[in-house]
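Taking it in order: structure first as structure tokens, then the write-up.
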There are 2 protein chains.
Amino acid sequence: MTAIRTARERARDEVTRAIKDEARRQLAADGASKLSLRAVARELGMVSSALYRYFPSRDELLTALIVDAYNALGDAVDGALHAAPDAEPLDGWTAVCRAARAWALAHPHEYALIHGTPVPGYAAPDDTSGPGVRLPLALAAVATRARGAGRLAPPDGGPPPAPVLADAAIHVPEHAPELEPETLAAVLAAWAQLLGLLSTEIFGQFNGVITARELFFDHAVAGLGRSVGLRAAGEAAG
Amino acid sequence: MTAIRTARERARDEVTRAIKDEARRQLAADGASKLSLRAVARELGMVSSALYRYFPSRDELLTALIVDAYNALGDAVDGALHAAPDAEPLDGWTAVCRAARAWALAHPHEYALIHGTPVPGYAAPDDTSGPGVRLPLALAAVATRARGAGRLAPPDGGPPPAPVLADAAIHVPEHAPELEPETLAAVLAAWAQLLGLLSTEIFGQFNGVITARELFFDHAVAGLGRSVGLRAAGEAAG
DNA sequence: CATAAGCAAGAGCAGTGCTCTCGTTCTTGG
DNA sequence: CCAAGAACGAGAGCACTGCTCTTGCTTATG
């Protein structure tokens, strides 16, 4: 891996990036279903077959965009997480959730790409590494902080069934060594439910039902935070 | 509207139904993105242009399938709702949620059609009538029953902000006249969060993370029921 | 019975993803 | 330094898509 790369290598990276940028533009404009390799190539002044030197198929291009979208969302929530390291647990939780919502609202088609109907070609990597876990990890980080501050109660509803606890326990050492498995399980449930709040709004299912969406979201998200065990200032922690 | 319909009318209905059936078959097999008018026509032994006598576009066909899918899901949850009219509130809640999950797992592509990335052509009718509300209505019905049995507490987390309360109050008279607006608001939040649990599982985001999915679901759904105010036998309702 | 409406079929258009071939350009080992 | 080989862009072409238009035929209705 030489630091000095050949002109060809640099050109390749540049073209690859240009293709992804243009593809992301079309994605943001018209959605994944309308993304066309030929249109991307046309816009870049090249012929469609040339594009196959960089991405072996349309689905591979979409996969690249999926990874980028996961990372963009991950950056957004990590930013919120680190913006106020000493926030109240519930405030930090809300901040992370709000950051996710803001990103999703600003990039609905990219959100749909990662949390909507899966694209046929993209098989989610069956492990818990990679950019797909950055949002749940950010949520877990809020719980970890709360625990450090003595403000984390056992999750609502008591401990989950043993197999669920075991599922969660597997990921504790690597991802949340300071959390109890039951808390991580609660975080995962809250994560899925948060995605429900986001998808329902982004995909338009609240149309004609909920108009005060921001307040609705904040209220629901606060409930999720409490279900995980986050406690406000006055409340006991266990 | 004569009861005796012409042969042409009957033939039209029959062909329309055959088209939808074949389209649903292809949908279930390969997903919405792979559904092709030409393939449907081919399978039915007609030429593709003939199909346009019945559906003005591919998106209109998909819209018809969307309505059918909403109704199939609605039938599933209504069935669970009426199967045990005198169940414990939390048991009824779980039964409805389980019915939704079972239907979604059995018909993932149809679930994706109604709760995944929206298809560009289908603008969700901006009102609260229609088959799209049958699931949230079934959830509200469980709360109504619980209230009748004196087993409904105020929702967790206190009343939502006033604008959210107002949104909910608008729909109380028509859809849930016996519920407090704050309870309906909590039901709507629980509905969105339930969709999150379903979508996350159906769309494969639990791969490699949660293996005990049924138990995980039941545990999370019980939490949702409690957040709405449903109380188990021993618990006070106020 | 004649007129009009409904219908299936076929050709055709513009667009798509993708493959293959053919020169050209750049990189690199001898 | 130069020749072999890899990477590359262009173009033609294939099979497919949604959709339109025209042409005849069948059915319903005045």
Side-chain angles (χ1 to χ4, degrees), chain A residues 1-20 22-23 25-27 29-66 113 118-122, chain B residues 1-20 22-27 29-66 109 113 118-122:
Chain A
M1 190 177 292
T2 49
I4 295 287
R5 300 173 309 156
T6 70
R8 190 167 256 173
E9 273 175 325
R10 277 188 291 112
R12 179 170 238 287
D13 285 6
E14 196 163 325
V15 174
T16 304
R17 202 177 43 75
I19 292 172
K20 284 208 296 184
E22 175 59 28
R25 253 204 62 254
Q26 295 192 14
L27 172 68
D30 300 317
S33 66
K34 296 284 175 58
L35 195 160
S36 147
L37 279 189
R38 289 181 113 108
V40 170
R42 208 179 302 132
E43 208 68 23
L44 263 48
M46 44 171 120
V47 85
S48 73
S49 59
L51 215 144
Y52 284 82
R53 301 269 177 199
Y54 299 89
F55 293 94
S57 75
R58 193 193 103 116
D59 279 343
E60 291 284 332
L61 212 196
L62 272 181
T63 298
L65 295 183
I66 288 174
L113 200 57
V119 344
Y122 177 70
Chain B
M1 192 178 292
T2 50
I4 296 286
R5 299 174 308 156
T6 69
R8 189 167 259 177
E9 273 175 325
R10 276 188 294 111
R12 179 171 238 288
D13 286 7
E14 197 162 325
V15 174
T16 303
R17 201 177 44 75
I19 292 171
K20 284 209 294 183
E22 175 59 28
R24 189 161 22 242
R25 254 204 60 256
Q26 294 193 14
L27 173 67
D30 301 317
S33 65
K34 296 284 176 60
L35 195 160
S36 146
L37 280 189
R38 290 182 112 110
V40 169
R42 207 179 302 134
E43 208 68 23
L44 262 48
M46 45 171 120
V47 85
S48 72
S49 59
L51 216 143
Y52 284 83
R53 300 265 172 201
Y54 300 88
F55 294 93
S57 74
R58 193 192 103 115
D59 279 343
E60 291 284 330
L61 212 197
L62 271 181
T63 298
L65 295 184
I66 287 173
H109 288 119
L113 201 57
V119 343
Y122 178 70

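Throughout, protein chains are lettered first and strands after them, A, B, ... in sequence-line order, and every chain is numbered starting at 1.
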| remark: From CZ of B:Phe55 across to C1' of C:dC7 the rounded distance in Å is 16 Å
| query | Who are the side-chain hydrogen bond (donor to acceptor under 3.5 Å, both in side chains) partners of B:Arg17, not counting sequence neighbours? | reply | B:Asp21
| field | Distance-minimising heavy-atom pair for A:Leu61 and A:Phe55 | value | CA-CD2, 3.8 Å
| request: Can you see which heavy atom on A:Ala64 is nearest to which on A:Lys20, and at what distance? | output: CB-CD, 3.8 Å
| message | Once you apply a heavy-atom cut-off of 4.0 Å, does B:Leu35 come out as touching a base, just sugar-phosphate, or nothing? | response | sugar-phosphate
| query | Is A:Arg58 touching bases, backbone alone, or none of the nucleic acid, heavy atoms closer than 4.0 Å? | reply | sugar-phosphate
| request: Please name all residues satisfying side-chain contact (heavy atoms from CB on, under 4.5 Å) with A:Ala11, sequence neighbours left out, ordered by chain then number. | output: none
| query | When rounded to the nearest 0.5 angstrom, what is the spacing between CD in B:Glu60 and CD1 in B:Ile66? | reply | 10.0 Å
| message | From C-beta outward on B:Val47, which listed nucleotide comes closest to its side chain: C:dG17, C:dG10, C:dT27? | response | C:dG10
| task | Report the nucleotide, chosen from C:dA9, C:dT28, C:dC18, that has the shortest atom-to-atom distance to any side-chain atom of A:Thr6. | result | C:dT28
May I have the list of side-chain donor-acceptor pairs in residues 45-52 of chain A shorter than 3.5 Å, sequence neighbours left out?
none

| field | Gap between atoms CD and C1', on A:Glu9 and C:dT28 respectively (whole Å) | value | 12 Å
| request: Give me the first and last nucleotide of DNA chain D, going 5' to 3', that has any atom under 4.0 Å from a heavy atom of chain B. | output: D:dT17 to D:dA28
| request: Please tell me if the side chains of A:Arg8 and A:Arg12 come closer than 4.5 Å, counting only heavy atoms from C-beta onward. | output: no
For residues 34-44 of chain B, please give each side-chain donor-acceptor pair under 3.5 Å, one per line with the distance, not counting sequence neighbours.
unit_1	atom_1	unit_2	atom_2	d
B:Ser36	OG	B:Arg38	N	3.2
B:Ser36	OG	B:Ala39	N	2.9

| task | Could you pick out which residue, B:Arg12 or A:Arg53, lies toward the 5' side of DNA chain C when each is mapped onto its nearest nucleotide? | result | B:Arg12
| message | Which heavy atom of A:Leu65 sits nearest to which heavy atom of A:Ala23, and what is that distance? | response | CD1-CB, 4.0 Å
| task | Rounded to the nearest angstrom, tell me the gap between atom CG in A:Leu51 and atom P in C:dT19. | result | 13 Å
Polar atoms only, N or O, under 3.5 Å: list the protein pairs with nucleotides 11-15 of chain C and their distances.
unit_1	atom_1	unit_2	atom_2	d
C:dG12	O6	B:Arg38	NH2	3.3

| remark: Rounded to whole Å, the OH-C1' distance (B:Tyr54 to C:dA8) equals 8 Å
| Interatomic distance where CG belongs to B:Leu37 and P belongs to C:dA8 [whole Å] | 14 Å
| request: Determine the contact category for B:Ala11: base if any of its heavy atoms lies under 4.0 Å from a base atom, sugar-phosphate if only primed atoms, P, OP1 or OP2 are that close, otherwise nothing. | output: nothing
